[in-house]
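If you're wondering where the values come from, they're calculated on a predicted model, not measured in any experiment. Throughout, protein chains are lettered first and strands after them, A, B, ... in sequence-line order, and every chain is numbered starting at 1.
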There are 2 protein chains.
Amino acid sequence: MPSAEVPDIVVGRLPIYLRALAFMAAAGQEITSSHELGQKLGISSAQIRKDLSHFGEFGKQGTGYRISHLQEQIKRILKVSQEWEVALIGIGDLGHAVARYNGFKNRGFHIALLFDNDPAKIGTRLGDLEVLDAARLKETLAERQIKIVMIATPAGDAQSVADTCIEAGVKAILNYAPISLTAPEGVRVQHLDPVAYLQWMTYYL
Amino acid sequence: MPSAEVPDIVVGRLPIYLRALAFMAAAGQEITSSHELGQKLGISSAQIRKDLSHFGEFGKQGTGYRISHLQEQIKRILKVSQEWEVALIGIGDLGHAVARYNGFKNRGFHIALLFDNDPAKIGTRLGDLEVLDAARLKETLAERQIKIVMIATPAGDAQSVADTCIEAGVKAILNYAPISLTAPEGVRVQHLDPVAYLQWMTYYL
DNA sequence: TAGATTGTTAATCGATTAACAATC
DNA sequence: TAGATTGTTAATCGATTAACAATC
């Protein structure tokens with residue numbers, strides 16, 4: 001029974017399920033069960049079934065889930081059936097790596113715009129994209145109606161870049177800069193902080 | 001009252017607190033309160049006090065928390081008061097960016113070893129480190145008693161690299177490769193998957 | 001002192017799990 | 001059919017919040 005009020009934490013697990021399903025599909029597997037999926041992810045089978053039940057019925061009693069079908073459905077739920085155009089701001093080492101990262105392909109995103117404020121970088125090409133002048137960030141994002149950006153600038157620039165993006169109508173920010181960003185209601189920010197994960201793990205060492 | 005059984009989710013918030021405290025400290029601030037910290041992070045003040053109470057008493061009634069002291073205490077709890085030596089395996093675009101990332105400094109980690117299996121890369125230098133031959137990964141990690149590695153290899157190599165690291169005694173793996181890794185009990189794996197975050201955010205668009 | 005904020009208790013809220021009828 | 005697995009309900013478990021005495 002689909003509901004309007006799906007817990008945040010449930011939505012957050014859907015990309016994990018999607019990743020595991022893609023892995024199985026790549027190995028040629030066609031069917032899986034909540035039990036198998038749960039074992040792979042260290043999650044109970046009941047939780048997987050419960051999570052999915054927030055959105056509908058995707059399996060078959062006695063059989064399990066058809067992987068390709070479940071992938072399609074979860075992609076639809078997450079709105080990544082079609083590809084989103086994403087802008088990347090800050091083309092330093094990290095930005096380069098992000099721009100060349102092949103993990104976006106077929107997962108709902110493609111990098112459509114690159115920005116930097118360094119005259120030495122503006123106008124250069126990276127893959128089949130030209131690095132644009134960050135001075136025109138706001139106008140360009142608004143024109144192209146970009147809703148999602150990734151920020152890979154130095155820490156000191158990240159907040160003002162974020163502010164500009166938000167003014168241009170951006171609603172989701174993935175922040176690679178080592179700094180906490182603040183954003184108004186209605187704009188989602190995720191911080192990709194490798195050190196936070198490392199620190200978490202060292203607690204248990 | 002410190003307890004032996006601190007919930008995982010509480011430990012996971014400590015690095016976030018630490019990051020916010022570092023930000024305040026960098027701005028010259030000396031004192032904060034659970035209320036202020038909570039507002040910055042979108043967390044209730046009660047939760048912050050409750051979280052900290054698992055480990056001890058770090059504040060002063062009527063005043064709040066001395067930032068430098070709280071930082072020290074949380075670092076001690078997370079075992080990042082001293083720096084851990086970390087190995088980085090896979091020196092492609094992403095590995096380069098990780099190696100040059102300045103966010104590790106002063107947060108409990110430093111990259112001590114670089115590995116790749118490409119003869120063209122082995123022996124070259126990156127900063128003040130030489131890229132070592134991944135063929136000797138296991139021996140070298142064991143000799144140096146490395147407990148933490150970051151994997152930035154292509155997806156196809158990541159699991160076997162992880163297995164080798166685990167055989168060498170590694171207990172914590174930060175995985176940048178776009179693939180789910182499996183590891184035995186006692187080894188912690190964190191997957192740094194930017195696309196999972198993007199997919200989570202698009203749900204709300 | 002008066003005001004503020006901690007650490008902690010108890011109450012509330014929400015998420016996870018166990019169990020099972022339905023059914024493929 | 002017999003076996004397996006779903007989707008869902010109810011019970012359990014755990015985390016968050018509200019409230020407040022203690023006290024700086």
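Between the side chains of B:Gln159 and B:Asp163, at least one donor N or O sits under 3.5 Å from an acceptor N or O.
If you check residues 29-43 of chain A against DNA chain D, the residues with a heavy atom closer than 4.0 Å are A:Ser33, A:Ser34, listed by number.
At whole-Å resolution of the value, CZ in A:Phe58 and P in D:dT8 are 11 Å apart. Rounding to whole angstrom units, CD of residue B:Gln61 and C1' of D:dC20 are separated by 12 Å.
In this structure, the side chain of B:Lys121 does not engage the main chain of B:Val131 through any donor-acceptor pair within 3.5 Å.
Nearer the 5' end of DNA chain C, as judged by each residue's closest nucleotide, is the contact made by A:Val10, out of A:Gly62 and A:Val10. Between A:Gln47 and A:Lys60, the residue whose closest nucleotide on DNA chain C is further toward the 5' end is A:Gln47.
Of the residues listed (B:Arg144, B:Glu130, B:Glu85), the one engaging B:Leu113 in a side-chain contact (heavy atoms from CB on, under 4.5 Å) is B:Arg144, and it is the only one.
Among residues at least two apart or in separate chains, there is no salt bridge (Lys or Arg N to Asp or Glu O under 4.0 Å) pair with a member in residues 152-162 of chain B.
Partner assigned to D:dT9 is C:dA18, using Watson-Crick or G-U wobble distances below 3.5 angstrom. Base pairing analysis places D:dT23 opposite C:dA4; the two distances defining the Watson-Crick or G-U wobble pair are each below 3.5 Å.
Within the 4.0 Å cut-off from OP1 or OP2 of C:dG7, at least one side-chain nitrogen or oxygen of B:Tyr65 is found.
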